[in-house]
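Taking it in order: structure first as structure tokens, then the write-up.
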Amino acid sequence: MKKYLCIHCHFYQPPRENPWLEQVEIQDSAFPYHDWNERVTAECYAPNTAARIVDGGGKILEIVDNYTRVSFNFGPTLLSWMEQRQPEIYKRILEADRISVGERAGHGNALAQGYNHIIMPLATRRDKITQIRWGAADFEHRFSRRPEGMWLPETAVDLETLDLLAEEGIRFTLLSPVQARRIRKLSGGEWQDVSGGKIDPTRAYRVLLPNQRFIDLFFYDGPISHAVAFEKVLGRGEEFVARLQKGFSDGRDWPQLLSVATDGESYGHHFPHGDMALAYTLRQIEMKKSALLTNYGEYLAKSPPVHEVEIYEKSSWSCAHGVARWTEDCGCRIGTQPGWNQAWRAPLRQGLDELKSSLDRFYEEAGGGYFRDPWEARDGYIEVILKRNREVVEAFLARHQKKELATQEKVVALKLLEAQRHALLMFTSCGWFFDDISGVEAVQNLTYAARAIELAREVERSVRQKSETAWEGTLLSHLEQAKSNIPKFKDGAEIYRRKVKPVRVDPRRVVAHCAINALFHLPSQSSVFYTQELRMEEHQSLHTGEATLVTGRVRVISRITFEEEEAVWAAIYLGGGEVCGGLRWRDGKQGYAEVEAQLSDRFLQGSLPEMIREMDRQFGENRFDLSDLLIEERRRVLEEIVHRAYLPIKEVQQRLYTDQRRLMKALVDARMKPPIEFLLAAEYVLNQEIVGLLDRFDEIEVQRRLVEIFREAALWDVPLERDGLRQR
């Protein structure tokens, strides 16, 4: 009988975007990369598009795209990030699926995934439907075909989830062998106990569902999958090949499917060069004709199930206690810190559950005034999430609105939907997976909760002319019971105040960015700052000595809800890193004229105390300084200030290096060490030149110059910063 091999890679990263910015902020722990998405892409997702197969001496024999030869799924939120930040890798992944469709009789390698990795058995029926529909719509938008299969986050499953998958046209999913309870032939007969992972994973099984529906299941090979994830079998391709060959048995009289499933990050991120081990293994399997490479859709078409299976309800692949890891201190954990516990999981779950129920009631009540069916509108909102522009929004609202909506009503309707989107994101499974509530994953979920609350409050003020629902207070009361294992963080409420509140980005911080940036660069008439469009209506700049004063009037337009605000602002740079400013809302042309005239007069008089007093009079407490900028923007401004301050010194270093190079070469030839002043200049100048060349790395002249730079650095024995080069 034929033997088939299907290796499934579950590629996923927790959403890391700041909910107010819709972008990932810099994460210093991922250095030398900007953030962990970027780092894992460089270590795993990118190498798997061009994995090297080498001989014993390291000579490259072949370069292959692993995605064309394995089954895989990518989290939709990860693909959304990749589309924007790593478009070439993103395109290669989509192309790999297209190639597999042609090679596998119309069955692509890619599977869909529940949208934002929530634990499905713990979700309401309504939320399960949205997760499935959003996941399928996201997949179809990217891969240009309907998904045959869908990966369930953490393979967490219950019968309701399977029934909803089948109802939405999903044909199969993949589970852990320990999730199977018993099997029997579809034709009937006695049930056979397969609990404890005893199910034979080399064929497909069918679950019979209500209303004559069914869905097919694959169970991965537990021991081999565990070896890939935890036993370093990827250290040598030969060992991986040997383990796979042991997964087949000549005693089976059906077409055997050896199914292996792990986190895809095993192949390069968790295990360096795992992409190469995977490429080598698949090539060896093909050359030795040990098995035919396939995917689940193709195998299912050739070998439909002859057995039905019953599963364990509310079970998963990463918790020995079902799905308790996401609700209580069940003992499943990552670290081994003595004395630590995960009792915080229960109050975190309870607090978010209660918040979600309250937000849902509010959405249904308020949304009923805007949408014919609020829940149908939420399910359809994925089309707006995927293509954020006014045309798509207008078409979406035209389909779902209960009446013709005025401009401000459209803003409120979109805020309602955005509150729901963030309320779903706050249940991303990673928030409970790790060992302490102070971890970045739990904090990320709480930032989504904070954003959902903020949006709901704004809607409540619009529709009720007041904000009276205690969403945040109720959540904090639960978080007070979620005790951190780290004394300085105390509990979830303290973490919320210390780690969540500071990341909020309101229009005031957006205007502060606009104003402070204008101190150093001429503002453009129209620009984009993350989720906000900035339209500069008017501005003025004055300089005297080191000091600079800028004033302006700007319109801030949300690219998410299209809400508009207008502000009059001013900022002053006094030299030496001293920056301050202020703003007023909705003052218009007349308000701007007053601010500009008064501040310009004080500035030109040269009286700093008078200038500061006038800033206080114009803006009161609505002042800002560098600390109000986002950390990444603050660093950019500080780099600009430092650059200006040290520009004369840099020019001196450049001249020193250029003018003295021949003399210093003579010293080296005479086995004399150049003066330290020259060596410091050489190190600085050469490193700065590397930075300037990185964006032109693909030009042959640039590559030749880089070789020369390395030779010069070796001549003077000075170090070069290689991180940027390594990434490029």
L174 to S259 - nearest heavy-atom pair and separation
CD1-OG, 3.9 Å
Please lay out, stage by stage, how L234 and S266 fare under the test side-chain contact (heavy atoms from CB on, under 4.5 Å).
CA-CA 8 Å; L234 296 178; S266 296; 4.2 Å; yes
Using only heavy-atom distances, determine whether the side chains of [X] and [Y] contain a donor-acceptor pair under 3.5 Å.
X	Y	answer
Q420	R378	yes
W375	T130	no
T428	N116	yes
Q179	S315	yes
D97	N109	no
N37	Q86	no
Y90	R142	yes
E43	H269	yes
S29	W36	yes

Those residues at least two apart in sequence (or on a different chain) that pass side-chain contact (heavy atoms from CB on, under 4.5 Å) with A180 are V194, I199, F219, V309
Can you list the residues that meet the side-chain contact (heavy atoms from CB on, under 4.5 Å) rule with I63, with sequence neighbours excluded?
A50, R52, I60
Classify the angle between the aromatic ring planes of [X] and [Y] as parallel (below 30°), tilted (30 to 60°) or perpendicular (above 60°).
X	Y	result
Y45	F74	perpendicular
W317	H10	perpendicular
H117	Y12	parallel

Can you tell me how far the CD1 atom of I311 sits from the OG atom of S176, to the nearest 0.5 Å?
11.5 Å
Which distance, rounded to the nearest 0.5 Å, do you find between the CD of Q337 and the CG of N485?
8.0 Å
From F214, F218, Y299, residue fulfilling ring pair (Phe, Tyr, Trp, His ring centres under 6.0 Å) relative to F172:
F218
How about R421 and Y448: do any of their side-chain heavy atoms sit closer than 4.5 Å?
no
Lys/Arg N to Asp/Glu carboxylate O, R145 vs E140, below 4.0 Å:
no
Under 4.0 Å between a Lys/Arg side-chain N and an Asp/Glu carboxylate O for E168 and R133?
yes
Sequence neighbours left out, cut at 3.5 Å: what donor-acceptor pairs do the side chains of residues 239-249 make with other protein atoms?
residue, atom, partner, partner atom, Å
Q245, NE2, S290, OG, 3.0
S249, OG, G251, N, 3.1

Output, in order, the C-alpha distance, side-chain angles, deciding distance and verdict of side-chain contact (heavy atoms from CB on, under 4.5 Å) for V54 and M276.
CA-CA 8 Å; V54 300; M276 295 173 65; 4.0 Å; yes
Check whether any side-chain N or O of S225 sits under 3.5 Å from a backbone N or O of A261 as a donor-acceptor pair, and report yes or no.
yes
Can you sort out the partners of R98 under salt bridge (Lys or Arg N to Asp or Glu O under 4.0 Å), two or more places apart, ordered by chain and number?
E95
Hey, could you give me each pair passing salt bridge (charged side-chain N to carboxylate O under 4.0 Å, His left out) that has a residue in residues 64-78? Not counting sequence neighbours.
R69-E286
Does [X] count as lying over the ring of [Y], i.e. NZ or CZ under 6.0 Å from the six-ring centre, within 45 degrees of the axis?
X	Y	answer
K499	F489	yes
R345	W432	no
R349	W326	no

Identify, with sequence neighbours excluded, every residue that meets side-chain hydrogen bond (donor to acceptor under 3.5 Å, both in side chains) alongside R236.
none
Under the criterion salt bridge (charged side-chain N to carboxylate O under 4.0 Å, His left out), I'd like the reasoning laid out for R16 against D35: C-alpha separation, chi angles, the key distance, then a yes or no.
CA-CA 9 Å; R16 296 187 168 100; D35 54 72; over 6 Å; no
Between H307 and R206, does the side-chain contact (heavy atoms from CB on, under 4.5 Å) criterion hold? Intermediate values first, please.
CA-CA 6 Å; H307 290 78; R206 179 159 293 173; over 6 Å; no
Under 6.0 Å between ring centres: does that hold for Y67 and F11?
yes
